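Keep in mind the model is a prediction, meaning the values are calculated, not measured. For the single chain, residues carry numbers from 1 onward in sequence order.
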Amino acid sequence: MTALGYSALIIGLLAIGGAAGYLAARTARHRELKRPAGPTVAELLQRLVHSTNNGIVVLNRFGDVVLHNPRADELGFVRDSRADHRARAAAERALDTGEPTPVDLSPPARTALRGRGPSAVLGEVRPLGDGFAVVDAGDESDAVRLEATRRDFVANVSHELKTPVGALALLAEAVIDASDDAEEVRRFSGKILHESTRLGTLVSELIALSRLQGAERLPELNTVEVDAVVEEALGRSGIAAESAGIEIALDEPSGLLLDGDRTLLVTALSNLIDNAVSYSPPGSPVSVSRRMVGDFVEIAVTDRGIGIDPQHQQRVFERFFRVDPARSRATGGTGLGLAIVKHVAANHGGEVKLWSRLGTGSTFTLRVPRHGSDSEGADAGSGAEGTARGEPERTASGRAGGDAGAERGRDQTRPGIDRADGVATVETGGVR
């Protein structure tokens, strides 16, 4: 082929390449114009799954996790990309029957100090075909707590309010009958005032306890100074202690910080101090101390009162339980103080511990995670030993003080187990 022929061939190939490139670019531009602006349907579905408040998990026929959203990890039924065994079992049933299957994925054994985590995770497993199933579960803790609180509140009100209401009715009749006797009217009027005050206190504490049990959302935790909480609680209890002739000894300021709600913590600590004052003989010492133990701040209230019998130590945190009903009536106690303390501690991811010996006294220790710590999964007994000999630690002045948890020999006490010397250590754990 001549040079002219080669040139013509090259020019032809270039023309064909140019035309093909033009057509390809035109086709691409046409497709781009036809493509809708914004994300695709698949991208939107992915965003929807990841943003939903429910936990979503897709399992294959072998129970392996194909995909899941972050909420499933938060609710605890997917860990390390592995689904909870209850979800896998429910998926098998759904695939066998072809019907949706309800499943309870609530934490099976909540750790002792996990009071703020989900307590009721309920969902449904639906078959998707081709051996795949989807688990759709949400946190129903608020609804479950609200229903439990409603039942408890109705039961408590019907059980406890009938006594003071009945007493008020009888006293009112007595005032009417003694209307001509000014002295008797004054006497019965004083009793009416006492009963009405006690009734108001009872109603207030019932409402407070109902809120703590879950009728309302848990309060947001803020950084709280332990020394400020102790100072305010002592201010609330100071008049009662002074009237009883009891001096409250206090250790040095600690500078400790914790994450919590100051109002609730002050309420809990003042309840402990009020109890110590109420159950101590006049002139006996009561002490308040604070310290850091591991990742927990401990505030201990120690008295040299009558002590608590081992058979009653497991029940003192129950609503309306009174070790000495006659003394509670005399002091105006409602039997709700320690129940409130227990739930305040639980709502902060902590616990309250009791050490007591008859005739020696008692120590109640409020344990709350320190500022910046992660109490999830922490061991309830970390850093807090039981009490073997039973004598609470002494302050420098020789009075009972500090945490009665320091045990000789570091022999750990299980909750509710009586010791040979009649001492028991009771831990409430993260009861909600």
Side-chain angles (χ1 to χ4, degrees), residues 16-111 114-147 214 217-218 220-221 349 374-377:
I16 293 173
Y22 171 77
L23 291 174
R26 184 176 180 181
T27 302
R29 284 197 304 271
H30 182 67
R31 289 177 179 173
E32 189 69 27
L33 290 174
K34 291 182 63 177
R35 181 179 179 181
T40 65
V41 173
E43 291 171 340
L44 287 174
L45 286 174
Q46 183 181 29
R47 294 180 188 180
L48 175 65
V49 170
H50 279 259
S51 65
T52 182
N53 196 44
N54 282 9
I56 304 292
V57 182
V58 176
L59 303 176
N60 62 18
R61 67 176 71 254
F62 306 108
D64 299 324
V65 175
V66 178
L67 64 89
H68 70 286
N69 64 355
R71 184 60 173 160
D73 291 302
E74 295 173 5
L75 294 178
F77 60 92
V78 172
R79 296 189 182 278
D80 299 325
S81 297
R82 182 174 177 80
D84 186 281
H85 67 92
R86 293 167 295 179
R88 297 199 303 271
E92 289 182 8
R93 292 194 298 271
L95 291 175
D96 290 340
T97 62
E99 298 291 334
T101 302
V103 59
D104 185 352
L105 298 172
S106 304
R110 301 176 65 199
T111 57
R114 197 173 175 178
R116 300 182 69 86
S119 58
V121 180
L122 307 177
E124 185 180 64
V125 182
R126 298 184 297 274
L128 298 178
D130 296 325
F132 293 93
V134 59
V135 183
D136 184 358
D139 184 2
E140 301 294 334
S141 302
D142 287 344
V144 172
R145 289 169 182 163
L146 181 59
E147 177 60 22
R217 288 188 176 274
L218 297 178
E220 293 297 326
L221 301 187
D374 180 12
S375 65
E376 297 286 332

Engineer: Taking atom NE2 of His68 and atom NE2 of His50, what is their separation to the nearest 0.5 Å?
Structural biologist: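 Spacing of NE2 (His68) from NE2 (His50) equals 8.0 Å.
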Engineer: Measuring from Glu92:CD to Thr97:OG1, what's the distance to the nearest 0.5 Å?
Structural biologist: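 Here the rounded value is 11.5 Å.
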Engineer: Tell me whether the count of non-hydrogen atoms from other residues, nucleotides or ligands lying under 6.0 Å of CG in Asp96 goes above 12.
Structural biologist: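 Yes.
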Engineer: Where is the tightest heavy-atom contact between Ala72 and Val57, given as atom of each residue plus distance?
Structural biologist: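 Ala72 and Val57 have their closest heavy atoms at CB-CG2, 3.7 Å.
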Engineer: Considering residues at least two apart in sequence or located in another chain, which fulfil the side-chain contact (heavy atoms from CB on, under 4.5 Å) criterion with Thr52?
Structural biologist: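 For Thr52, the residues satisfying side-chain contact (heavy atoms from CB on, under 4.5 Å) (neighbours in sequence not counted) are Asn54, Ile56, Asn69.
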Engineer: Quick check: closest heavy atoms across Asp139 and Ala120, and the distance to 0.1 Å?
Structural biologist: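 The pair with the smallest heavy-atom distance is OD1-O, 3.4 Å.
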Engineer: Distance from Arg47 atom CZ to Leu45 atom CG, nearest 0.5 Å?
Structural biologist: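 These two atoms lie 11.0 Å from each other.
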Engineer: Tell me, please, which residues at least two apart from Arg126 pass salt bridge (Lys or Arg N to Asp or Glu O under 4.0 Å).
Structural biologist: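 With sequence neighbours excluded, Arg126 shows a salt bridge (Lys or Arg N to Asp or Glu O under 4.0 Å) to Glu124, Asp136, given in chain and number order.
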Engineer: Over all heavy atoms of both residues, which pair between Ala137 and Leu75 is shortest? Give the atoms and the distance, please.
Structural biologist: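 Scanning both residues, the minimum pair turns out to be O-CD1, 3.7 Å.
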Engineer: Tell me every residue that passes side-chain contact (heavy atoms from CB on, under 4.5 Å) with Asp64, counting only those two or more places apart in sequence or in another chain.
Structural biologist: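 By the side-chain contact (heavy atoms from CB on, under 4.5 Å) rule, Asp64 matches Asn60, Phe62.
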Engineer: Excluding sequence neighbours, so at least two apart, what forms salt bridge (Lys or Arg N to Asp or Glu O under 4.0 Å) with Arg71?
Structural biologist: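 Arg71 satisfies salt bridge (Lys or Arg N to Asp or Glu O under 4.0 Å) with Glu74 once adjacent residues are dropped.
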Engineer: Considering residues at least two apart in sequence or located in another chain, which fulfil the side-chain contact (heavy atoms from CB on, under 4.5 Å) criterion with Leu122?
Structural biologist: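 So Leu122 forms a side-chain contact (heavy atoms from CB on, under 4.5 Å) with Asp104, Ser106, Glu140.
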Engineer: Are the charged groups of Asp84 and Arg86 less than 4.0 angstrom apart, N to O?
Structural biologist: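 Yes, this pair counts.
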Engineer: On a heavy-atom basis, which atom in Leu44 and which in Pro39 lie closest, and how many Å separate them?
Structural biologist: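 The pair with the smallest heavy-atom distance is CD2-CG, 3.7 Å.
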Engineer: For Pro100 and Pro127, work out which heavy atoms get closest and say how close.
Structural biologist: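 Taking Pro100 first and Pro127 second, the nearest heavy atoms are N-CD, 4.2 Å.
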Engineer: Under the rule for salt bridge (Lys or Arg N to Asp or Glu O under 4.0 Å), what residues qualify as partners of Glu99, not counting sequence neighbours?
Structural biologist: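 Result, salt bridge (Lys or Arg N to Asp or Glu O under 4.0 Å) vs Glu99: none returned.
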Engineer: Taking all non-hydrogen atoms of both residues into account, name the closest pair between Val125 and Ala87 and its distance.
Structural biologist: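 Looks like CG2-O, 4.5 Å.
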